[in-house]
Every structure is written in structure tokens, then in C-alpha cells.
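All values derive from a computational prediction rather than experimental measurement.
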Amino acid sequence: MTITTERQRHVAPMHKQGGLEAGEATTDTIAYVRISHIVLPLKTAISDAKVLTGRQKPMTEISFTFAEIESREGHRGIGFGYSKRAGGAGMFAHAKEIAGELIGEDPNDIARIWNKLVWAGASMGRSGLTTQTIAAFDIALWDMKAKRAGLPLAKLLGAHRDSVQCYNTSGGFLSSDIAEVLDNVSRSIDAGIGGVKIKVGQPDPMIDLRRVEAVREHVGSSFPIAVDANQQWDRTTAARFGRILEEFNLFWIEEPLDAYDAEGHAALAAMLDTPIATGEMLTSVAEHRELIRNRSVDFIQPDAPRVGGITPFLRIMSLGEEAQVKLAPHFAMEIHLHLAAAYAQEPWVEHFEWLEPMFNERLEIRNGRMIVPSRPGLGFTLSEQANAWTVATAEFGKRA
Ligand SMILES: [Mg+2]
């Protein structure tokens with residue numbers, strides 16, 4: 001009789017979801033969701049090739065929608081989606097539209113919740129702003145699940161390693177002149193970071209070439225260097241410049257072509273010995289499947305907040321592993337370190353210090369590698385500074 005009583009206490013209140021009622025396996029329900037629109041200012045205006053070709057303005061801030069979720073049993077998780085330049089207010093508005101869908105759901109049923117949220121906004125498409133908004137909730141639920149298990153997320157997923165080789169991107173932007181880039185590279189190496197990435201893709205590739213030559217000379221012949229053209233070459237330029245770059249022993253050429261040119265990337269990947277990397281701009285599993293199916297990439301570069309969170313990211317990891325493609329997630333090292341640690345082939349994780357002021361915790365870097373934190377979940381809590389940068393909040397349900 002005691003067992004029956006216990007079970008009754010843990011079964012969720014009766015509620016309809018996806019046409020089914022919560023079953024007896026349900027042990028907890030989502031009681032409260034708080035979403036925050038946080039705008040992080042950058043120390044200096046940042047430019048990649050999209051600015052030099054006139055397509056975008058320099059970046060001065062990053063907009064986040066954070067989700068904080070609490071369950072009836074007192075478990076908590078945080079996650080975020082982000083946008084650069086535009087879209088932040090739209091993401092927060094869509095999050096407000098769908099956050100109420102979580103209340104009463106079992107927080108462990110993450111896949112079913114993901115489907116519920118994507119169908120809520122599916123008339124806007126199952127990619128783009130729709131999926132990027134869902135990411136905040138999905139990541140928060142995975143954070144909660146790992147915390148509930150008392151494990152770092154990497155361990156919950158099934159880690160292959162406890163640290164991941166990392167490279168720095170923030171020091172190699174085109175808004176820095178070459179002297180500043182070399183200084184940043186030195187500081188990055190001194191900090192124990194295992195590689196550097198230099199932005200290219202300017203209208204005159206010969207100016208890019210001089211920057212790559214200077215960095216290679218600065219770091220010596222074997223230190224890992226990559227370049228990133230941010231989609232600003234056409235196929236001819238990518239082929240000609242790609243051949244010139246072969247001698248620099250780069251660990252990859254990133255986004256040489258338009259993000260949706262799967263055929264062009266495949267031809268380039270077949271032609272060059274230097275590995276090809278792309279995928280950061282894609283916002284669905286379907287788009288990544290296209291790159292993998294066409295053998296467009298040597299390194300696939302999904303971004304969990306962009307593809308809709310950890311649930312779809314895991315599906316991309318499965319596709320990549322089966323196709324023998326390597327993984328190098330884009331941005332948000334705070335999340336991607338855990339995911340990269342759970343990938344079969346040795347991945348790279350991208351080091352950006354930009355988000356550090358948002359959190360109370362810091363990631364440790366040693367001997368070229370980023371160490372998976374031993375804290376449960378993602379291992380991050382929002383800082384007081386992040387609260388100060390909050391421009392709007394909305395609450396759903398009640399704190400348990
Ligand atoms: Mg990039």
C-alpha cells in the first residue's frame with residue numbers, strides 16, 4: 001500500500017499532451033519557467049569578412065534569450081539561444097509565445113517536449129528563429145537532467161574523453177590589424193590554447209594571404225592554424241585561393257562558400273588536401289544532413305543554440321559519426337565542450353571568451369585542451385552582471 005501511495009504522489013496531475021496522458025513513468029513535472037532577454041555588450045566592435053564585403057555592420061553586442069526551468073521536485077536547469085546583430089527581440093517574443101507549453105510536462109521527456117515546441121511554431125518553419133528559440137528550453141532541460149543525475153552533461157551523454165583540444169577565434173578577426181592579431185595569438189598560446197583561427201574572405205585575397213603568412217611565421221611550422229572566410233568567396237576564388245593555402249598546413253578552411261552550397265563545398269573538399277569545415281549558419285538537422293550526405297565537409301560545425309538545442313545536435317552527431325565526418329562545434333564553448341567530449345572522433349572546440357562575464361564559472365584550459373568541468377549539468381550559473389544586462393523577463397507557472 002505504501003508503494004501505491006508513493007507512486008500516486010509522484011504521478012503528474014492529469015494533463016493532455018500530444019494526444020496522450022502522462023503515464024505512470026512520469027515522476028516530475030515542470031512547475032516554473034522564467035525567460036530573460038539579456039544583451040551582452042562586446043568590448044570592441046567586431047568585423048569578419050561579411051563586414052568588409054559590405055553585407056553586415058560590425059557587431060557590438062550579442063542578444064540572448066535565457067530559459068530557467070524549475071520542476072515540482074525542485075530540479076533546475078538553464079539554457080540559452082542567441083542572435084547577433086538582429087533577431088534578439090523576435091526570439092524573446094517567440095519564447096514568450098511557447099514557454100507556457102512546458103508547464104505540467106515531465107522535464108525528462110525532452111524529445112517529446114522538443115516536438116511539441118517545434119509544432120507550436122511550425123507555420124514559421126522548422127528552422128531559423130523557431131528552432132533557435134526552442135534551444136533555450138531544450139538546453140535547460142538537458143542541464144536539469146544531468147544535474148538530476150549528479151553528472152556533468154558530457155558524462156550523462158557518454159563521454160569519449162575528459163578534455164577537448166581547443167583553438168581560439170576571438171583574436172583573429174579582421175577588425176584587428178596584423179600586429180594586434182599576432183599579439184592576440186601570443187597571448188592565446190600563453191593561455192594554453194591549442195590552435196588559432198584567422199579570419200579571411202576580404203575582397204582582396206592577397207591581403208588575407210599576407211595575414212596568414214605573418215601568423216604562420218609567428219607560430220612556427222607545426223602550431224595548428226585555421227582560416228575562416230565567413231562565406232565570402234565564390235567557387236572560383238575558393239578553389240584558386242584554397243590551392244595557394246595548401247602549403248600553410250591549415251587544420252581547415254572554414255566557410256569558404258555560401259552556407260547552403262553543399263555541391264560547391266563537396267567539390268572543394270574533393271579537390272583540396274586541406275580539410276573543409278562549415279555548418280555554423282545552419283539551423284536544422286535537415287540542413288546538416290544535406291552537407292553530410294553530399295560529403296561537403298571534413299569537419300561539420302553545428303551550433304546547438306542555432307539548430308534547436310542539444311536534442312537535434314545529438315542527431316547531427318550520430319549522422320556525422322556514421323559518415324566518418326569530424327566535429328568542430330561553432331561558438332558557445334560552455335555548451336559545446338560537453339557535446340564534443342561525447343563525439344567518437346577527436347573534435348575541436350572553439351574558444352571565445354566573450355560569454356565569460358555572463359557566468360560565475362570559468363572553463364579550465366591546459367596543454368592545448370579545454371577540461372570538461374566536474375560540476376553537474378553544464379556547470380554554469382548566471383552572474384550578477386548578466387542580471388544587470390537583462391532588458392526583459394517573463395514568468396510562467398509557479399515556483400515549487
Ligand atoms: Mg566561422
Side-chain angles (χ1 to χ4, degrees), residues 79 110-111 114 135 138-139 142-143 145-146 149 151-169 193-195 197 224 226 228 251-252 254-255 265 269 275-352 363-380:
I110 303 177
W114 197 94
D138 182 84
I139 293 164
W142 279 102
D143 182 44
K145 180 172 279 198
L151 295 169
L153 179 65
K155 296 283 184 187
L156 179 82
L157 297 174
H160 282 274
R161 56 192 72 77
D162 292 335
S163 67
V164 180
Q165 59 183 346
C166 63
Y167 69 92
N168 174 266
T169 294
I193 296 170
K197 190 165 78 188
D228 183 356
F251 64 90
W252 67 60
E254 180 171 322
E255 286 201 306
H265 281 99
I276 298 299
T278 193
E280 67 176 73
M281 298 308 299
L282 306 182
T283 57
S284 68
V285 176
E287 291 160 348
H288 279 279
R289 189 175 60 218
E290 190 70 3
L291 291 182
I292 293 167
R293 198 169 59 81
N294 282 286
R295 305 226 57 93
S296 307
V297 286
D298 300 287
F299 284 88
I300 192 84
Q301 298 189 289
D303 177 322
R306 282 189 174 157
V307 298
I310 290 165
T311 300
F313 194 102
L314 294 174
R315 290 167 60 197
I316 296 165
M317 282 172 60
S318 296
L319 292 171
E321 283 181 358
E322 292 304 320
Q324 301 297 324
V325 166
K326 292 184 180 173
L327 177 75
H330 168 253
F331 201 56
M333 62 187 187
E334 291 79 1
I335 298 165
H336 291 133
L337 173 57
H338 291 274
L339 298 169
Y343 196 72
Q345 295 195 46
E346 180 72 33
W348 280 98
V349 75
E350 183 169 27
H351 175 264
F352 267 100
L363 288 167
E364 190 187 339
I365 294 167
R366 245 187 286 133
N367 301 326
R369 302 180 72 86
M370 203 176 280
I371 315 295
V372 175
S374 57
R375 302 179 293 273
L378 292 169
F380 288 94

Looking only at heavy atoms, what is the nearest atom pair of [X] and [Y], with distance?
| X | Y | result |
| --- | --- | --- |
| Thr311 | Ala111 | CG2-CA, 4.4 Å |
| Val372 | Pro152 | CG1-CB, 4.4 Å |
| Ala328 | Phe299 | CB-CD2, 4.1 Å |
| Ile292 | Gly320 | CD1-N, 3.9 Å |
| Ala340 | Pro347 | O-CG, 3.2 Å |
| Ala342 | Ala154 | CB-O, 4.5 Å |

Donor-acceptor pair between Glu321 and Gln345 side chains, under 3.5 angstrom: no

Tyr167 ring center within less than 6.0 Å of Trp252 ring center: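 Between Trp252 and Tyr167, the centre distance is under 6.0 Å.
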
Salt bridge (charged side-chain N to carboxylate O under 4.0 Å, His left out) contacts in which one or both residues fall within residues 323-346, not counting sequence neighbours: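 Only Arg161-Glu346, Glu346-Arg369 qualify under salt bridge (charged side-chain N to carboxylate O under 4.0 Å, His left out).
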
Side chain to side chain contact (heavy atoms under 4.5 Å, CB included) evaluation trace for Leu327 with Leu339: CA-CA 10 Å; Leu327 177 75; Leu339 298 169; 5.6 Å; no

Just so I know, are the side chains of [X] and [Y] near enough to count as touching, which here means a heavy-atom distance under 4.5 Å?
| X | Y | result |
| --- | --- | --- |
| Trp142 | Leu378 | no |
| Asp228 | Thr169 | no |
| Pro224 | Trp348 | yes |
| Val325 | Arg295 | yes |
| Pro373 | Leu363 | yes |
| His288 | Leu319 | no |
| Asp162 | Ile371 | no |
| Leu282 | Pro302 | no |

Backbone of [Y] reached by a side-chain donor or acceptor of [X] within 3.5 Å:
| X | Y | value |
| --- | --- | --- |
| Ser318 | Leu314 | yes |
| Glu287 | Thr283 | yes |
| Gln165 | Gly194 | no |
| Trp114 | Gly308 | yes |
| Arg315 | Ile310 | no |

Residue list, side-chain contact (heavy atoms from CB on, under 4.5 Å) with Leu151, at least two apart or on another chain: Ala149, Lys155, Leu156

Check salt bridge (Lys or Arg N to Asp or Glu O under 4.0 Å) between [X] and all other residues, then give those that pass, not counting sequence neighbours.
| X | answer |
| --- | --- |
| Arg375 | none |
| Arg366 | Glu364 |
| Asp143 | Lys147 |

How long is the gap from [atom1] on [X] to [atom2] on [Y], to the nearest 0.5 Å?
| X | Y | atom1 | atom2 | result |
| --- | --- | --- | --- | --- |
| His338 | Leu153 | NE2 | CG | 6.0 Å |
| Leu337 | Met370 | CG | CE | 6.0 Å |
| Glu290 | Ser284 | CD | OG | 10.0 Å |
| Asn168 | Met333 | CG | CE | 9.5 Å |
| Cys166 | Asn367 | SG | CG | 10.5 Å |
| Leu157 | Tyr343 | CG | OH | 14.0 Å |

Residue of the set Glu255, Gln301, Glu254, Glu280 for which side-chain hydrogen bond (donor to acceptor under 3.5 Å, both in side chains) holds with His330: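 Single side-chain hydrogen bond (donor to acceptor under 3.5 Å, both in side chains) partner of His330 among Glu255, Gln301, Glu254, Glu280: Glu280.
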
Which residues share a side-chain hydrogen bond (donor to acceptor under 3.5 Å, both in side chains) with His336, sequence neighbours left out: none

